[in-house]
Protein chains: 2
Amino acid sequence: MTGTSGAVRVVLLEDDAPLRERFVGILSAWGGGELVAACATLEQALVALDQHPVDLLMADLNLPDGHGIEAIRRLRQRHPDADAMVISVLADDETVLAAIEAGAVGYLLKDADSIELVEAIEELRAGRSPISSSIARILVRRMNKPAEDPAGPALTPREMEILRGIAKGFTYTELAEWLNMSRQTVPVHIKNIYRKLAANNRSEAVYEASKRGLLRL
Amino acid sequence: MTGTSGAVRVVLLEDDAPLRERFVGILSAWGGGELVAACATLEQALVALDQHPVDLLMADLNLPDGHGIEAIRRLRQRHPDADAMVISVLADDETVLAAIEAGAVGYLLKDADSIELVEAIEELRAGRSPISSSIARILVRRMNKPAEDPAGPALTPREMEILRGIAKGFTYTELAEWLNMSRQTVPVHIKNIYRKLAANNRSEAVYEASKRGLLRL
DNA sequence: AAGCCCATACCATAAATAGGGTATCCAGCG
DNA sequence: CGCTGGATACCCTATTTATGGTATGGGCTT
């Protein structure tokens with residue numbers, strides 16, 4: 001993962017021939033890398049990843065025969081210490097997040113004025129993450145997103161307390177004592193919670209509440 | 001949030017006088033901004049944020065009288081549509097994540113060769129996130145880390161299936177049918193799950209499992 | 001080969017829950 | 001000033017859980 005020894009063994013995956021050739025040229029001119037394979041299809045890349053030792057995968061995502069994320073996944077399986085970087089025009093949230101989750105640690109947009117391939121590789125090897133600013137925004141947005149509450153019927157304060165108690169495994173009686181209310185009142189609140197969360201029992205309610213971020217985990 | 005009309009009203013927060021003056025100079029030379037305030041302390045910044053309309057806060061984090069994150073929080077309260085960017089030497093995970101969670105959408109390291117202030121502002125106003133690559137790595141690492149399981153007794157595959165069923169509110173009988181097992185076998189697995197998660201009932205188990213990231217929410 | 005864990009199966013009982021009603025008090029709102 | 005909704009309280013019953021045992025076969029590891 002970290003910038004270790006000598007030449008960086010690179011697998012390049014890019015279906016556009018001119019661009020691929022350009023990348024190959026840049027990598028050849030550079031002294032620090034060894035281009036293991038320059039692939040035009042996902043299939044070729046998967047084979048290359050299986051057959052050679054690899055330190056770095058630079059992959060496009062929209063390929064004629066599949067999705068570059070597959071290559072990233074394969075890389076993580078076969079070469080857990082290698083890095084994966086995306087170079088693509090795709091910048092929608094779903095794609096970007098899927099790529100990052102698949103293990104990509106770098107993500108350059110193709111529309112970047114001039115892709116500084118070598119610089120990006122060196123950043124990567126130094127343990128940093130070269131990422132285009134529009135991609136970075138997606139990540140930032142994602143991190144701050146737990147504060148989402150659409151389609152969420154609000155629970156009353158009392159119901160929130162009950163809900164927290166349920167999550168901690170309290171029984172009716174314990175809940176009643178904890179909140180100083182009648183043991184008979186507890187199930188009323190719980191039933192209201194079920195209605196609002198579209199749940200039919202405690203565990204489902206806790207699950208739904210967790211999913212909607214109503215419980216601090 | 002998005003780059004809208006004319007001059008960007010900027011509040012600058014930087015305790016180091018030379019650097020602050022440099023930033024002031026850059027912003028003055030630039031045509032697109034209006035420097036609302038150049039603050040040397042957190043206190044000054046909080047006051048400035050309360051008193052003026054603001055589109056952008058550029059803040060250092062380690063301040064003599066407090067933490068710049070406070071300023072970011074204040075910005076989000078008073079000017080929800082404004083952007084916050086961090087310019088700091090701090091790059092530890094905790095600080096970075098706290099800043100992002102507080103609402104920072106940009107984060108430049110001071111050790112960047114030459115901070116392209118104007119360029120960063122324009123990126124920000126265009127809805128992108130200028131972020132130093134070492135900071136970006138922290139975000140990327142964070143996103144992929146839900147796979148953390150310290151102190152977590154692993155559940156068997158069978159137990160995971162049962163757990164998911166519990167979260168969906170299935171009863172013993174439904175669970176048994178769903179997983180094609182005897183109705184009597186179900187509670188055995190459930191009891192094992194309780195033991196491993198230190199829970200005493202379904203809702204507590206779901207809560208613990210959620211907390212430990214065992215359930216995809 | 002012995003041991004351990006997982007998965008499977010069954011039985012029985014006490015406790016807890018879900019779901020159905022009904023009713024009072026109070027606060028906010030048109 | 002009524003109406004509505006939240007919070008409170010009580011009752012009853014069928015269903016579901018939780019928990020205690022006991023036991024067998026398969027698979028993996030030592």
Side-chain angles (χ1 to χ4, degrees), chain A residues 77 80 149-217, chain B residues 147 149-216:
Chain A
Q77 286 183 339
D149 38 20
L155 298 191
T156 70
R158 214 39 162 182
E159 287 164 353
M160 285 302 302
E161 292 178 309
I162 296 275
L163 179 61
R164 278 188 278 272
I166 288 181
K168 288 183 179 164
F170 292 169
T171 68
Y172 283 163
T173 308
E174 288 168 334
L175 243 8
E177 287 173 3
W178 184 40
L179 298 175
N180 292 314
M181 67 172 66
S182 158
R183 196 221 116 103
Q184 280 69 28
T185 303
V186 176
V188 178
H189 291 303
I190 294 185
K191 275 188 284 194
N192 287 333
I193 293 174
Y194 290 167
R195 183 173 40 77
K196 289 183 179 176
L197 295 182
N200 298 303
N201 50 54
R202 291 175 169 228
S203 40
E204 201 177 350
V206 171
Y207 179 63
E208 281 298 323
S210 301
K211 207 159 52 169
R212 304 186 189 186
L214 297 173
L215 287 169
R216 47 164 184 213
L217 303 177
Chain B
D149 38 19
L155 299 191
T156 70
R158 211 45 159 179
E159 287 163 351
M160 285 301 303
E161 291 178 310
I162 297 272
L163 178 61
R164 279 188 276 272
I166 288 181
K168 288 184 180 165
F170 291 170
T171 68
Y172 285 164
T173 307
E174 287 169 335
L175 244 6
E177 287 173 4
W178 184 41
L179 297 175
N180 293 313
M181 67 173 65
S182 159
R183 197 223 120 102
Q184 281 68 26
T185 302
V186 176
V188 178
H189 291 302
I190 294 184
K191 274 189 284 191
N192 288 332
I193 292 174
Y194 290 169
R195 184 172 40 75
K196 290 183 179 176
L197 295 183
N200 297 303
N201 51 54
R202 293 174 168 228
S203 40
E204 202 177 350
V206 171
Y207 179 63
E208 281 299 322
S210 301
K211 204 158 53 171
R212 305 187 189 187
L214 297 173
L215 286 168
R216 53 171 179 207

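Lettering follows sequence order; numbering is per chain, from 1. Keep in mind that the numbers below use all heavy atoms, side chains included, and drop hydrogens, waters and symmetry copies.
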- Query: Can you tell me if A/E177 uses its side chain to pair, donor with acceptor, with the backbone of A/E174 under 3.5 Å?
  - Reply: no
Atom CD1 of A/I166 and atom C1' of C/dT17 are separated, to the nearest Å, by 11 Å
Tightest non-hydrogen contact, residues A/L215 and A/S210, listed as CD1-OG, 3.9 Å
When we call it a touch if two heavy atoms are under 4.0 Å apart, what does A/T185 touch: a base, just sugar-phosphate, or nothing?
base
Is the side chain of B/S203 donor-acceptor paired with the backbone N or O of A/V206 at a distance under 3.5 Å, no angle test? no
**Item:** N or O in side chain of A/H189 less than 4.0 angstrom from D/dT8 OP1/OP2
**Value:** yes
From CE of A/M181 across to P of C/dC25 the rounded distance in Å is 19 Å
In DNA chain C, consecutive runs of at least three Watson-Crick or G-U pairs below 3.5 Å, as range with range, amount to C:1-30 with D:1-30
- Quick one: is D/dC10 close enough that its OP1 or OP2 comes under 4.0 Å of any side-chain N or O from A/Q184? yes
Between the NE2 atom in A/H189 and the OH atom in A/Y172, the distance rounded to the nearest 0.5 Å is 12.0 Å
| Taking 4.0 angstrom as the limit, do A/E208 and A/K211 come out as a salt bridge? | yes
note: A/K196, atom NZ; D/dA7, atom C1'; distance rounded to Å ~ 11 Å
From the list B/T185, B/I190, B/V188, side-chain contact (heavy atoms from CB on, under 4.5 Å) partner of B/I162 resolves to B/I190
In whole angstroms, the gap separating P of D/dT15 from CD of B/E174 amounts to 14 Å
Rounded to the nearest 0.5 angstrom, the CG-CG distance for B/N180 and B/L175 is 11.5 Å
Whether the side chain of B/E204 engages the backbone of B/N200 through a donor-acceptor N/O pair (distance < 3.5 Å, no angle test) should be reported. yes
When rounded to whole Å, the CG to C1' distance for the pair A/N180 and D/dT8 reads 13 Å
In whole angstroms, the gap separating P of C/dC6 from CG of B/L179 amounts to 17 Å
Between CG of A/N192 and C1' of D/dG5 the distance, given in whole Å, is 10 Å
Atom CG of A/L175 and atom P of C/dA15 are separated, to the nearest Å, by 19 Å
Rounded to the nearest 0.5 Å, the CG atom of A/L163 sits from the OH atom of B/Y207 at a distance of 9.5 Å
For this session: Check whether any side-chain N or O of B/T156 sits under 4.0 Å from OP1 or OP2 of C/dC5, and answer yes or no.
Result: no
Given protein heavy atoms under 4.0 Å, the one-letter contact record of nucleotides 17-23 of chain D, with B base, S sugar-phosphate only and - none, is simply BBBB---
